[in-house]
Visitor: 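Have a look at this one before I ask anything.
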Protein chains: 2
Amino acid sequence: MLSLRKKKILSAVVDGYIEKASPVSSKEIQKNCLQDCSSATIRNELSALESMGYLIQPHVSAGRIPSEKAFRFYVNELTYENCLTDEETSFIENKLLRKHDSLDDVIQQITDVVSQITNYTSVVVKADMADKITAIKLLDLSNGQMLVVIVTETRVLKDGMVDISDEFDELMLLQAQAWLNRLFVGKHISQFLNFTYPYTLTNDQFKLNSLFKKIIDVLRKQSLANGMDVTICGEHNIFQHSEYSDVANVQKFLSEVGSKDKMAQVFTDDGGQDGFVTIKIGSSENAPEGCSVVTSRVALGANIAGSIGVIGPVRMNYKKVLAVLDKISNIIIDMMGKE
Amino acid sequence: MLSLRKKKILSAVVDGYIEKASPVSSKEIQKNCLQDCSSATIRNELSALESMGYLIQPHVSAGRIPSEKAFRFYVNELTYENCLTDEETSFIENKLLRKHDSLDDVIQQITDVVSQITNYTSVVVKADMADKITAIKLLDLSNGQMLVVIVTETRVLKDGMVDISDEFDELMLLQAQAWLNRLFVGKHISQFLNFTYPYTLTNDQFKLNSLFKKIIDVLRKQSLANGMDVTICGEHNIFQHSEYSDVANVQKFLSEVGSKDKMAQVFTDDGGQDGFVTIKIGSSENAPEGCSVVTSRVALGANIAGSIGVIGPVRMNYKKVLAVLDKISNIIIDMMGKE
DNA sequence: GTTAGCACTCTCAATGGTCGAGTGCTAATT
DNA sequence: AATTAGCACTCGACCATTGAGAGTGCTAAC
């Protein structure tokens, strides 16, 4: 699609912007990667890339900054390269290749290490996949409330309450119950988390609709509390990055990251991408606004699914993050193999 | 010491500043609390209070803001008044006067409620006081490291490693061990936390000195991990307060609050004050810089010491915080009595 | 298709001027 | 001796202006 030169230029803009956090000019590009053509030529190309939606010009006498589309292009083109220094590699190995008391201990170490090396906020989600749902029951408590009971192979979870002060009759509850069972029996409890409610019901079923939504919310909370563990570390690393030099952004970021619910969702949803690594760039790809999320899926035990990753500004050092996640995934695979 | 009028004026400045977060002028004071004398008189008094160290004038054409000394005066003079609305009271009761699964559940509810009602960051520290230290052992591992083992009545804790790559001989370790045992045997593990190392050793003992410091650090960590639980909630409330409209302050605050170690220390040390409630204002009273800490001691069970409190800017709504802590302490005392 | 050259635009930082808030001081009053 | 009215003074906040610098887009030549 893009000419080779355009690709080179686009990559140069992204690289430059990742490094400096400020608009990249035609001259810089010339100096760094295209000495054999003039800045005017590059300006023409930049202009073309801008109209294609890859670049943004903050104002007329500024350089260009990459759009989210450009970052998407950039990570798609990225070829793996181990850009970790020897110090970093041995730091990681030192921290992880030692005796650990428990899986939780390992996970804590992993989040620590990932956030320390990448300088982003790291998240690890653990889910015990062995325990499947055998039934979901809805119980009308006749006081305007309904109890949602989830039965799994090993446990009965019954913390979820739903207000049903609007009149719902017996039949509707049975309908809802049947629907839930059809959808979720046999699946892992974590399935609730990334379940998006299909809005295709007709208007007739409006009431049922709102009931479903409430139930799904409860299930999501249950899923988090009972099926998954979320470990977060390095929230304060955002202060190192210039996009968070303003309190409003810091606040928004911290409130996103503070919700384990939200994090579990973002870090386990693979967004349809396959492969072990998932990269989400910006809100159009279901990361929080202005943020990117990089995750790597790794088995943390026989039946334990794990997701290790970082969240940070869209202007993220993807190369380094990918290298760290790769290194750590390999260590974990080794560790698990030995046991 | 201060004339009645000076006291009234000083309180008015503090009240006004707590409310508006901006310097208080002589006219405002006249309007709000001293209609029977002129603004000029008040100006004279303000000037006197400033030279006594109670007030600060940011610049010549601004009003006055209270110094930490003024806040100290203010809280000393404060008479208790229940300034909670009925809604707030019933909100608190609703959240706490229900069946709880466990003590940890109760504590989580308490921190939630305190931070929600006060709009500050709330901290609860729990310490099981039953388990006394019976011995502390230092074990030279002959690889430049030393293991610190703490034996309590019920457990043996041996996670603490100290580097002793500098040469320490057997004798010194024995000396150190004896010293530690003399100080801590029979006490609760939480005693490490607020132990401040006495710097009175002679130069001869410089090496021993540095060893002691390292050991105390390890013990402090142990104390936290094994003897106390720290629950924190509402860190993000700081964004509501104007002193944190600048990232640098937010960062400093969050890094202080993020260290459970530090929080446990600040929230359990009573700073020599007696009574159930402790108020620390600013770094001169061992709160973090620019912060105040208000804590209330409460038994959370037969042998379980608890400390409930908030941390926030020195410009804190002390009246409200004290009312909330009082209300909650009473509820807890009731709860514990019933069991 | 590429490039040199140049006019143009926009940001940023510094400058200066006005306005208003609130003070400190002085002299008069109680 | 304490209080007060009055007024000059100071300083920050706000705004408009200016000049320098960066980087572009465009044009005409290669």
Side-chain angles (χ1 to χ4, degrees), chain A residues 1-10 12-17 19-67 70 242-243 245-246, chain B residues 1-10 12-17 19-67 70 242-243 245-246:
Chain A
M1 203 68 175
L2 290 175
S3 72
L4 182 63
R5 193 170 64 187
K6 280 201 176 61
K7 285 187 181 181
K8 267 177 106 170
I9 291 176
L10 189 48
V13 175
V14 177
D15 275 326
Y17 185 67
E19 195 191 331
K20 301 185 317 154
S22 61
V24 181
S25 75
S26 53
K27 263 193 191 156
E28 279 170 74
I29 296 170
Q30 186 191 22
K31 203 180 67 189
N32 293 336
C33 87
L34 275 181
Q35 281 96 341
D36 50 345
C37 68
S38 81
S39 66
T41 309
I42 295 173
R43 277 203 291 284
N44 288 332
E45 295 284 51
L46 287 174
S47 183
L49 285 166
E50 183 176 354
S51 55
M52 296 165 83
Y54 286 108
L55 297 177
I56 296 161
Q57 199 171 21
H59 58 87
V60 70
S61 82
R64 303 304 206 291
I65 61 176
S67 65
S242 60
E243 22 282 280
S245 56
D246 141 58
Chain B
M1 201 71 176
L2 290 175
S3 71
L4 181 63
R5 194 170 63 186
K6 278 201 178 61
K7 285 185 180 181
K8 268 177 106 169
I9 291 175
L10 190 47
V13 175
V14 177
D15 274 327
Y17 186 66
E19 196 192 330
K20 301 186 316 153
S22 62
V24 181
S25 75
S26 54
K27 261 193 192 155
E28 279 170 73
I29 296 170
Q30 186 191 21
K31 201 180 67 188
N32 293 336
C33 87
L34 276 181
Q35 282 96 339
D36 49 345
C37 68
S38 80
S39 66
T41 309
I42 295 171
R43 277 203 291 284
N44 289 332
E45 295 284 52
L46 287 174
S47 182
L49 286 166
E50 183 175 356
S51 56
M52 295 165 84
Y54 286 106
L55 297 178
I56 296 162
Q57 200 172 19
H59 57 88
V60 71
S61 81
R64 302 303 206 292
I65 62 176
S67 65
S242 59
E243 22 282 279
S245 57
D246 141 56

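Every chain is numbered from 1 and lettered A, B, ... according to where its sequence line falls, protein lines coming before strand lines.
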Visitor: So B:Leu2 and B:Leu49, do their side chains get closer than 4.5 Å, heavy atoms only?
Guide: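 Touching, per the 4.5 Å side-chain cut-off.
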Visitor: Which residues satisfy the side-chain contact (heavy atoms from CB on, under 4.5 Å) test with A:Ser39, sequence neighbours excluded?
Guide: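 side-chain contact (heavy atoms from CB on, under 4.5 Å) list for A:Ser39, sorted by chain: A:Ser26, A:Lys27, A:Gln30, A:Arg43.
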Visitor: Could I get the full list of salt bridge (Lys or Arg N to Asp or Glu O under 4.0 Å) partners for A:Glu19, not counting sequence neighbours?
Guide: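 Testing A:Glu19 for salt bridge (Lys or Arg N to Asp or Glu O under 4.0 Å), a comparison that skips the adjacent residues, returns none.
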Visitor: Identify, with sequence neighbours excluded, every residue that meets side-chain contact (heavy atoms from CB on, under 4.5 Å) alongside A:Ala21.
Guide: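 Only A:Ser242, A:Arg315 meet the side-chain contact (heavy atoms from CB on, under 4.5 Å) criterion with A:Ala21.
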Visitor: Measure from CD on B:Gln30 to C1' on C:dG22 and round the result to the nearest Å.
Guide: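 Distance, rounded to whole Å: 13 Å.
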Visitor: Sequence neighbours excluded and cut-off under 3.5 Å, please list the side-chain donor-acceptor pairs for residues 59-66 of chain A, or say none.
Guide:
residue, atom, partner, partner atom, Å
A:His59, ND1, A:Ser61, N, 3.3
A:Arg64, NE, A:Glu50, OE1, 2.9
A:Arg64, NH2, A:Glu50, OE1, 3.0

Visitor: Within residues 38-46 of chain B, find the residues that approach DNA chain D with a heavy atom at under 4.0 Å, and present them sorted by residue number.
Guide: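 Within this stretch, B:Ser38, B:Ala40, B:Thr41, B:Arg43, B:Asn44 sit under 4.0 Å of the strand.
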Visitor: For B:Ser51, which residues count as a side-chain contact (heavy atoms from CB on, under 4.5 Å) partner, sequence neighbours excluded?
Guide: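 Partners of B:Ser51 under the side-chain contact (heavy atoms from CB on, under 4.5 Å) test: none.
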Visitor: At a heavy-atom distance below 4.0 Å, which nucleotide of DNA chain D is the first touched by chain A, and which is the last?
Guide: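 In short, chain A contacts DNA chain D from D:dA22 to D:dG25.
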Visitor: Once side-chain hydrogen bond (donor to acceptor under 3.5 Å, both in side chains) is applied, do any residues pair with B:Asp246, and if so which ones, sequence neighbours excluded?
Guide: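 Scan of B:Asp246 (side-chain hydrogen bond (donor to acceptor under 3.5 Å, both in side chains), adjacent residues dropped) gives B:Asn249.
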Visitor: Could you give all pairs that pass the salt bridge (charged side-chain N to carboxylate O under 4.0 Å, His left out) test and reach residues 28-37 of chain B, with sequence neighbours left out?
Guide: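 Non-adjacent pairs meeting salt bridge (charged side-chain N to carboxylate O under 4.0 Å, His left out): B:Lys20-B:Glu28.
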Visitor: Mind calculating the distance between CD1 (B:Ile29) and P (C:dA21) to the nearest angstrom?
Guide: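 Value for this atom pair: 17 Å.
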Visitor: With sequence neighbours excluded, tell me which residues meet salt bridge (Lys or Arg N to Asp or Glu O under 4.0 Å) with B:Lys8.
Guide: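 None.
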Visitor: Under 4.0 Å, heavy atom to any atom of DNA chain D: which of residues 51-62 of chain A qualify?
Guide: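 A:Gln57, A:Val60, A:Ser61, A:Ala62, in order of number.
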Visitor: Restricting to side-chain contact (heavy atoms from CB on, under 4.5 Å), what partner residues turn up for B:Asn44, sequence neighbours left out?
Guide: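 For B:Asn44 there are no side-chain contact (heavy atoms from CB on, under 4.5 Å) partners, ignoring immediate neighbours.
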